[in-house]
Amino acid sequence: MLAQTSGIRYGKINISITRMVKRMARGKKIYDGKAKTLFKGTEPGTLIQYFKDDATAYNAQKHDIISGKGVLNNRLSEFFMNGLNDMGIPTHFIKRLNMREQLIRSVEIIPLEVVVRNYAAGSMSDRLGIKEGTHLPRPIVEFYYKDDKLNDPMVTEEHAIAFNWATQTELDEMIAISLRVNDFISGIMKGVGITLVDFKIEIGRVFENEYQGLIIADEISPDSCRLWDIKTGERLDKDVFRKDLGNLKDAYTEVAKRLGVL
Ligand code: 5GP
């Protein structure tokens, strides 16, 4: 009430109070990541995920602000997560709130990044000397331990079980989920002339009083996938930034346009 009265009298104050009220609706900041910030949500068990314009690579040694990237990734992640939810592959996504924010379910993140590869590229090519672009005989699933200080090292299921990061049952389910995500996104991408070379997802545990199961968390966007134009091989993902191949925003906009998201 007081805020509204002040706002009517003083234009500038009105703007800052409006901002304050909007921020208050988000709740307390609980995590500030490289490309996203998480705030407490309005309902119990929810969070608000804010997509920033920050682009980072090589464990944040390379950093830039790409104006509009957060808006594009918010929309693209909404698109993929909605599609997965519709197919019965549960994700943390509840609804998009605005250009940069989405309401998500709070999860207990399993500290493993799951990477699925259809073609050799990136760290697989570096590690195993397999030429980039080689079609793999079958999709290959890898686990990486989420730890920036260690540069997210690749780990085996044995490590994950021995160090209590996940149980064997959870690992089996994580592999099954990741392969379904691979089928789904590969198909959609192929339909718009793009090859899904590889991608990374994160998975979390959900609880409703008791442990309920696993759902997909974080984001699915060109920040976390390798996407190559089928005809030209043009890179339409974060490698454009990592390797200075052109304009990152144009690449992500192209993906969004082809998917009918823009
Ligand atoms: P690579 O292991 O070849 O560097 O990455 C494999 C795939 O996982 C690529 O699509 C890459 O974008 C994604 N990926 C791996 N680690 C990360 C990470 O820490 N953050 C993001 N956004 N994507 C990752």
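When a ligand or atom number is given, it counts from 1 through the structure's own listing order. Reckoned from all heavy atoms, side chains included, excluding hydrogens, waters and symmetry mates.
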Where is the nearest protein heavy atom to [atom]: which residue, which atom, and how far?
{"atom": "atom 7 (C) of ligand 1", "answer": "Asp198 OD1, 3.5 Å"}
{"atom": "atom 24 (C) of ligand 1", "answer": "Lys200 CE, 3.7 Å"}
{"atom": "atom 5 (O) of ligand 1", "answer": "Arg226 NH1, 3.6 Å"}
{"atom": "atom 19 (O) of ligand 1", "answer": "Glu113 OE2, 3.3 Å"}

Does a donor on one side chain and an acceptor on the other come within less than 3.5 Å for Asp172 and Gln168?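 Yes.
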Return yes if a side-chain donor-acceptor contact under 3.5 Å exists between Asn85 and Thr91, otherwise no. yes
By number and element, which atoms of ligand 1 are closer than 4.0 Å to a non-hydrogen atom of [X]?
{"X": "Gly122", "result": "3 (O)"}
{"X": "Arg117", "result": "1 (P), 2 (O), 3 (O), 6 (C)"}
{"X": "Asp152", "result": "19 (O)"}
{"X": "Asp223", "result": "12 (O), 21 (C), 22 (N), 23 (N)"}

Check this for me: does any side-chain nitrogen of one of [X] and [Y] sit under 4.0 Å from a carboxylate oxygen of the other?
{"X": "Arg226", "Y": "Asp198", "answer": "yes"}
{"X": "Lys62", "Y": "Asp244", "answer": "yes"}
{"X": "Glu219", "Y": "Lys238", "answer": "no"}
{"X": "Lys52", "Y": "Asp32", "answer": "yes"}

Pick from Ser123, Ala35, Ala120: the one approaching atom 1 (P) of ligand 1 most closely through a non-hydrogen atom: Ser123
Does ligand 1 have an atom that lies less than 4.0 angstrom from a heavy atom of Glu219? no
Ligand 1 contacted by Arg242 (non-hydrogen, < 4.0 Å): yes
So which pairs with a foot in residues 148-207 pass ring-ring contact (aromatic ring centres under 6.0 Å, His included), sequence neighbours left out? Tyr145-Trp165, Phe163-Trp165, Phe207-Tyr211
Pairs meeting criterion side-chain hydrogen bond (donor to acceptor under 3.5 Å, both in side chains) with involvement of residues 182-191, two or more places apart: Asn118-Asn182, Asn182-Ser186
